[in-house]
Amino acid sequence: MIFEIVTTTIMGSIALKAHLSKTGASNDSQKLNKIFSLSGLNVKDGKQTITTQLLKKTHYSWGTEYKYRIPLGKSFDDYKAKFRTIEDGLNNKRQMIKLKDLKGLQLDKTLPDQLKELNRKKLGARKEVELSFDGLLCVRVYNEPLPKEVSFEVGTGWKVIAGQTREKNKKAFLDFETYPHVALGGATRYGKSNFLNSIIVSLLESNPEHVKFHLIDLKGGVELCDYERLNQTVSIAYETEEALEVLKGAYEDMRAVQQRLKKLGKKKVQDAGIKERHFIIIDEVGELNPEEAIGKDDKKLKEACQLYMSKIARLGAGLGFRQILATQYPTGDVIPRQCKQNSDAKICFRVQNATASRVVLDSEGAELLPQVKGRAIFQTADKRTIIQTPLLTSEAISKVIKQHDSGVSKRKDVSNIENEQTTNTATRGNSAIVEKTRFS
């Protein structure tokens, strides 16, 4: 009986393979060669055709990586322009059943139905493709797509969950003790603001006693206003003038920690046992670009903001100050160079073009991400990973806010700043008059 079942399985798989071969199905390597040829990616040199040459093929648990030599006369941009053609070509409905697919089958009378179901699943599956270039064209073909939605989870310590990787049940973590500063970008409505909220809520849940927030929301407060009254919020700003006060205050707090460490004879907060961590979060940092200032006064104001940001980026890591700079318009030099150079972690959601990708990541790739909310490239100094970032609900945000609501606004609004300056000026003026009268 067992012999008959095994024989049936083998013969069935052979028959299925023969059928798929007859209908034109083949492995991905052969498909890629065919796609390159039919989409004009090979080069004619007289009577000779120079093809995209496969140099290396490596199998992984998640799929297969192919390395190609690009023919002279073609560039990586030519292959990127054909990205959809390549991915769709690999996802035609002629899928091959492989031997490993048969391992989970039950050797009983339901085997024919199992084979039919397996074939149906293979036909319905969709592979995702990534293209990159490092001197060779790299084509990564993933057996299964990333999930389009990942639930929010609280991290541990100063780690927050960045998202789900392609390896099943494996998360990518953003560790602020390892990567203190982060550059974050992406086109509107692809998940950047949700990710900022995830960072804040995760830190509130894991370190409510030791986290401090210095928040700047230059979209008029629509993104970060929920955190205006938190016990953990030191200050919050919605306008450029207010932003300068928040940054100045954060810098002064940082210098105070620096003096404290100096007295203790320590180099960094970890050595001194200082548990507090300060997070300077700026949503839409592009609004502080001096090149887009209106008038001289506005330019000086924005230059001052960028000066404080650069100082925090250079000095803050060992002092427990972490800076997160986010922009939804990654064009030109919107992120100050000092800040970007000191941001070892970069996260970029889908953007419109390669230029925008380079602004955040210093390299292309984010423009090729699928149009899926929450899909992003997570890049550190030595690694680059595509992730699906967690989805945080408004109910989860509200729940955390209620737990830490101080009832007092921490906003550094312009009117208060102007009133303080007027009061201080008036006091200094009166003191001068009294002093003059006293010694006259």
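Just so it is clear, the model here is predicted, and its values are computed rather than measured. The first residue in the sequence is number 1, and the count goes up from there.
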Which heavy atom of Ala183 sits nearest a heavy atom of Val360, and at what distance?
O-CG1, 4.2 Å

Between OG on residue Ser29 and CG on residue Leu90, distance to nearest 0.5 Å
10.0 Å

How would you list all residue pairs meeting side-chain hydrogen bond (donor to acceptor under 3.5 Å, both in side chains) that involve residues 195-211, not counting sequence neighbours?
Asn197-Tyr227

In the structure I gave you, are the side-chain heavy atoms of Lys262 and Gln259 within less than 4.5 Å of one another anywhere?
yes

Could you tell me the separation between the OH atom of Tyr308 and the CG atom of Leu288, rounded to the nearest 0.5 Å?
14.0 Å

Apply side chain to side chain contact (heavy atoms under 4.5 Å, CB included) to the pair Phe349 and Phe195, showing each step before the final yes or no.
CA-CA 10 Å; Phe349 296 83; Phe195 189 69; 3.9 Å; yes

Is there a salt bridge (charged side-chain N to carboxylate O under 4.0 Å, His left out) between Arg358 and Asp362? Walk through the geometry before answering.
CA-CA 4 Å; Arg358 286 193 294 269; Asp362 287 324; over 6 Å; no

Taking all non-hydrogen atoms of both residues into account, name the closest pair between Ala356 and Asn353 and its distance.
N-OD1, 2.9 Å

Contact check, side chains of Phe173 and Thr156, non-hydrogen atoms, under 4.5 Å
no

Could you go step by step and tell me if Thr64 and Thr58 meet the side chain to side chain contact (heavy atoms under 4.5 Å, CB included) rule?
CA-CA 6 Å; Thr64 308; Thr58 308; 6.0 Å; no

Phe76 and Phe133 aromatic ring geometry - parallel, tilted or perpendicular at 30°/60° bounds
parallel

Counterpart residues, side-chain hydrogen bond (donor to acceptor under 3.5 Å, both in side chains), relative to Lys410 (two or more places apart):
none

Show me the side-chain donor-acceptor pairs of residues 272-287 shorter than 3.5 Å, one per line, residues at least two apart or across chains.
unit_1	atom_1	unit_2	atom_2	d
Arg277	NE	Glu177	OE2	3.1
Arg277	NH1	Ile274	O	2.8
Arg277	NH2	Glu177	OE1	3.2
His278	ND1	His214	NE2	2.9
Asp283	OD1	Lys192	NZ	3.1
Glu284	OE1	Gln328	N	2.8
Glu284	OE2	Gly286	N	3.3
Glu284	OE2	Thr327	OG1	2.9

By salt bridge (Lys or Arg N to Asp or Glu O under 4.0 Å) - contacts of Asp405 (at least two apart)
Arg229

Pair Lys212, Asp253 - check salt bridge (charged side-chain N to carboxylate O under 4.0 Å, His left out), show working.
CA-CA 11 Å; Lys212 305 293 181 184; Asp253 288 347; over 6 Å; no

Heavy-atom side-chain contact between Glu364 and Asp77 under 4.5 Å
yes

Just list the side-chain donor-acceptor pairs under 3.5 Å for residues 393-402, sequence neighbours left out, or say none.
unit_1	atom_1	unit_2	atom_2	d
Thr393	OG1	Ala396	N	3.2
Ser398	OG	Ser394	O	3.0

Verdict with supporting geometry, Glu245 and Lys248, salt bridge (charged side-chain N to carboxylate O under 4.0 Å, His left out):
CA-CA 5 Å; Glu245 293 298 313; Lys248 182 181 177 182; 5.4 Å; no

Walk me through whether Tyr142 and Glu65 qualify under side-chain hydrogen bond (donor to acceptor under 3.5 Å, both in side chains).
CA-CA 9 Å; Tyr142 295 94; Glu65 180 181 81; over 6 Å; no

How about Leu325 and Lys340: do any of their side-chain heavy atoms sit closer than 4.5 Å?
no

Side chains of Gln164 and Lys171: closer than 4.5 Å at any heavy-atom pair?
yes

So, Glu228 and Ser409: side-chain donor and acceptor under 3.5 Å apart, yes or no?
yes

Mind checking the CG-NE2 spacing from Asp344 to His181? Nearest 0.5 Å is all I need.
9.0 Å

For the aromatic rings, using the six-membered ring if either is Trp, is the centroid distance between Phe36 and Tyr79 under 6.0 Å?
yes

Ser343 and Tyr179: side chain donor to acceptor below 3.5 Å:
no

Could you grab the distance from atom CG of Asp297 to atom CD of Glu241, nearest 0.5 Å is fine?
10.0 Å

Of all heavy-atom pairs linking Gln388 and Leu146, the shortest is N-CD1, 4.1 Å

Out of Leu203, Ile200, Asn231, which residue meets the side chain to side chain contact (heavy atoms under 4.5 Å, CB included) rule with Val211?
Leu203

Using a 4.5 Å cut-off on heavy atoms from C-beta on, say whether the side chain of Ile236 contacts that of Asp217.
no

Given Arg166, Arg384, Arg375, Lys80, the one that forms salt bridge (charged side-chain N to carboxylate O under 4.0 Å, His left out) with Glu130
Arg166

Contact check, side chains of Val139 and Val129, non-hydrogen atoms, under 4.5 Å
yes

I want to check something: taking the side chain as every heavy atom from C-beta on, are Asp28 and Lys31 in contact at a cut-off of under 4.5 Å?
yes

To the nearest 0.5 Å, what is the distance between CG on Leu131 and CD on Glu87?
9.0 Å

Full working for side chain to side chain contact (heavy atoms under 4.5 Å, CB included) between Val234 and Phe213:
CA-CA 6 Å; Val234 178; Phe213 294 115; over 6 Å; no

Quick one: pull up CG in Leu55 and CD in Gln53 and give me the separation to the nearest 0.5 Å.
5.0 Å

Could you please spell out the steps behind the side chain to side chain contact (heavy atoms under 4.5 Å, CB included) verdict for Phe176 and Val182?
CA-CA 9 Å; Phe176 284 103; Val182 180; 3.7 Å; yes

Asp134: which residues meet the salt bridge (Lys or Arg N to Asp or Glu O under 4.0 Å) condition with it, sequence neighbours left out?
Lys67

